[in-house]
Structures are given as structure tokens and as C-alpha cells.
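What follows is one structure encoded as C-alpha cells, with my remarks underneath.
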Amino acid sequence: MLLYVDDVFAGHNTGRHPECIARIVRLKELLQQEGWFEQTDCPTWSDASREQLSWVHDASYIDQLEVWCRQNAGQIEADTVVSTGSWKAAVRGAGAAIDATLRVIGGEARTAFCAVRPPGHHALRTGPMGFCLFNNVAIAAHAALAQGLERVLIIDWDVHHGNGTQDTFYKDGRVGFYSIHRSPFYPGTGARSETGSGRGLGCIANSPMPASTTVDEYMAEFNRSIAALATRVKPQLILVSAGFDAHRLDPVGSLCLEEDDFGQLTRSVRDLANQYCEGRIVSILEGGYHLEHMPRCVAVHLDFLK
């Protein structure tokens, strides 16, 4: 397994905000304590280029975001904050997603986890949204397509619907997208009726789950839905938008999950990857805002991913 960690992500200073520096600091501390840096390969990698970012985002937005960061603009969207260190963190995070994808496709490892911030799955073609600047998982999917893959599956278990990712591939047909998320809840998208259009029809699947969902209900829905979509897509690579804010104590989201449940989610994805794509998975950190439980959830995820 490849593990992507870099101190540059602590430079994205959001102040008193749920998506804070302490998230990545606490996660790195736990990974060090549990010996993950000795158990895994930790590559060095390059920032995403403007050309790579433009696979998903308009050039005008990319330019504007760099200006906002240089100006230390603070709040640039209802929920999103930038500082002078945010640009470097954002392009390094997108670069990690690209590099991990290329190495896994190339056979250097079967799995990778990118411990990056800011998260990405709400980011839109034309702007930031919901703590997110660049859509890391969507950029990774485009990197896979650029390498010649024809079928990619994105699985998003963040408690919030990955609206930016869905929008990117809604009419595409080469990239399947599945999201299981709390509903009704932010951002208000992700209904079962949202299934794609044009060439993408049937390649989008959503499982909106009420706040009263039990673990058994959640797992049954997840396993059924990813199996059904994978049968259609037949992925050559699986990407995971790995949010951990469906933990029952998360201060921003929360559903019914405990730490060990993220191991079961990972095992299901790993079984699917073994069936369709020789075990190839790239997982990218999204949400998760409980400063004790999120790092532990990640560690459980890694236990099943390695």
C-alpha cells in the first residue's frame, strides 16, 4: 500500500472551522504511533499542474483561487475559507490523487491512501463549495482515463452527497459514481432519481439514508448498491471518496457508524476490487471532523485496505 502524507496540508489555515489543521495533525500523529510509515511506502510527488486541474475545473476558477489564496482572502464561499497556504495544499492534494492513481495503475502497488486536505467532493467546475477547493477524486478519475483506462468507479461514503463529483461525470459514461449519504442534509442533492443522463445514464447511483438509519440497514444498502453498479460499470479501477463523518459522534454530519464499521465498508470495496480490477483501489480523504474518532476510523480503513 502507498500512503500519501505531507506537512504542506497543515498550511491550509482555516482558523476556527470544522475543517481545521488539527484534523491532519492528529491523523499524522496516530499513523506515526501505530507504525504506518514503517509498514507502507510513502512516495514523494509533484503538485497537480494547471492542465491537470483543468480536466475538472475552469481555468478562470483556477486562476481566481490562486489569487484568493495569495490575498489571504478568508471566507470565499458560505462554508469555505482560504489562507496563504491553501493554494499549495490544494495543488499538492490533487497531485497526490493523480500520483497514487498512476502508481496503482502502473502496478507499483495495489492500493493507496491519500491523507490530504482540503477535501474535494463538493468542489464544482466553476467554484469552491462545502470546504472543498479542487475535486481530488474527479481529477484522479481523469488521470486514469488519460492513462488509457476506459471504466472507473468512484464510491463515496462521506456523510454528505458528493455533488461536485456527480456533476463532473453525470453525462460521461466512462466513470460510475455511487454515493451513500445522509438525507435530507447538505448539500440537498443525491436523490435516487439522479441516475445520469446521455452516455452517463445508469452510471450514477445514490443511496440517500435518513438520520434514523441503523448500521444493518446502511450496510445492506451499501453492499447491494455497489455490487449492482459495479456489474454495470465493470471497473478497471476503484476510487474511494473516504469521508469519516458518518461516524455517529461526528460534530458536522453523523449517521450510525462506529469506527469498526469503516473496516466493513473497506472490506466490501476490496472484495469488489478483487473481483473486477485486480484489487486496484485509490482512497482519498474527504470529511470527518471528530478529532479523536476520525484518525481512528482512518486507521481501521487502512487495516482493511493494505
Side-chain angles (χ1 to χ4, degrees), residues 1-13 19 21-57 62 65-66 69-70 82-121 123 132-149 152 237-242 279-286 288 294-295 298-299 301-303 305-306:
M1 184 174 71
L2 304 174
L3 179 59
Y4 288 76
V5 180
D6 195 308
D7 290 338
V8 74
F9 301 124
H12 174 50
N13 185 1
E19 207 293 282
I21 293 172
R23 294 180 69 234
I24 208 72
V25 171
R26 295 283 186 90
L27 175 55
K28 183 178 179 181
E29 288 173 351
L30 182 65
L31 295 178
Q32 287 177 323
Q33 291 168 9
E34 295 195 352
W36 280 103
F37 298 135
E38 289 73 41
Q39 299 175 46
T40 56
D41 293 326
C42 298
T44 57
W45 72 94
S46 301
D47 298 343
S49 68
R50 268 182 161 71
E51 178 182 1
Q52 291 167 329
L53 296 172
S54 69
W55 290 336
V56 173
H57 300 285
I62 297 169
L65 179 61
E66 184 175 21
C69 295
R70 188 167 61 243
V82 297
S83 65
T84 52
S86 299
W87 174 260
K88 189 67 172 178
V91 295
R92 185 64 55 85
I98 294 167
D99 190 80
T101 298
L102 299 184
R103 290 178 192 261
V104 168
I105 291 173
E108 186 172 327
R110 291 209 307 168
T111 62
F113 179 72
C114 302
V116 302
R117 65 181 286 271
H121 70 155
C132 302
L133 301 180
F134 294 132
N135 195 315
N136 301 316
V137 75
I139 292 168
H142 274 285
L145 298 175
Q147 286 296 109
L149 267 62
V152 178
L237 172 71
I238 294 177
L239 303 174
V240 179
S241 270
R280 299 192 294 193
I281 303 170
V282 175
S283 178
I284 303 166
L285 181 64
E286 298 283 2
M294 183 275 284
V298 172
H301 175 52
L302 297 184
D303 275 331
L305 190 64
K306 65 183 179 182

Legend entry - Results of side chain to side chain donor-acceptor pair (under 3.5 Å) for N136 - residues two or more places apart only: none
Inset, instruction - Identify, with sequence neighbours excluded, every residue that meets side chain to side chain donor-acceptor pair (under 3.5 Å) alongside E108. - result: R103
What's the shortest heavy-atom distance between [X] and [Y], and which atoms?
X	Y	answer
S241	H121	OG-CB, 4.1 Å
L285	L27	CD2-CD2, 4.1 Å
A123	N135	O-ND2, 3.5 Å
C114	A96	SG-O, 3.7 Å
L149	L145	O-CD2, 3.4 Å
L3	L302	CD1-CD1, 4.4 Å

Look up atom [atom1] in [X] and atom [atom2] in [Y], then write down how far apart they are to the nearest 0.5 Å.
X	Y	atom1	atom2	value
S83	I21	OG	CD1	7.0 Å
Q147	L237	CD	CG	11.0 Å
L2	W45	CG	CH2	11.0 Å
R280	T111	CZ	OG1	12.5 Å
D47	D99	CG	CG	11.0 Å
L239	I139	CG	CD1	12.0 Å

Quick one: does [X]'s side chain get under 4.5 Å of [Y]'s, heavy atoms only?
X	Y	result
K306	T40	no
V56	F134	no
W87	I62	yes

Okay, side chain of [X], backbone of [Y]: is any donor-acceptor separation there less than 3.5 Å?
X	Y	answer
R117	F9	yes
T101	A144	no
W36	K28	no
E19	P119	no
R92	D6	no

Inset, instruction - Check step by step if side chain to side chain contact (heavy atoms under 4.5 Å, CB included) holds for H57 and L65. - result: CA-CA 11 Å; H57 300 285; L65 179 61; over 6 Å; no
Inset, instruction - Could I get the full list of side-chain contact (heavy atoms from CB on, under 4.5 Å) partners for S49, not counting sequence neighbours? - result: E51, Q52
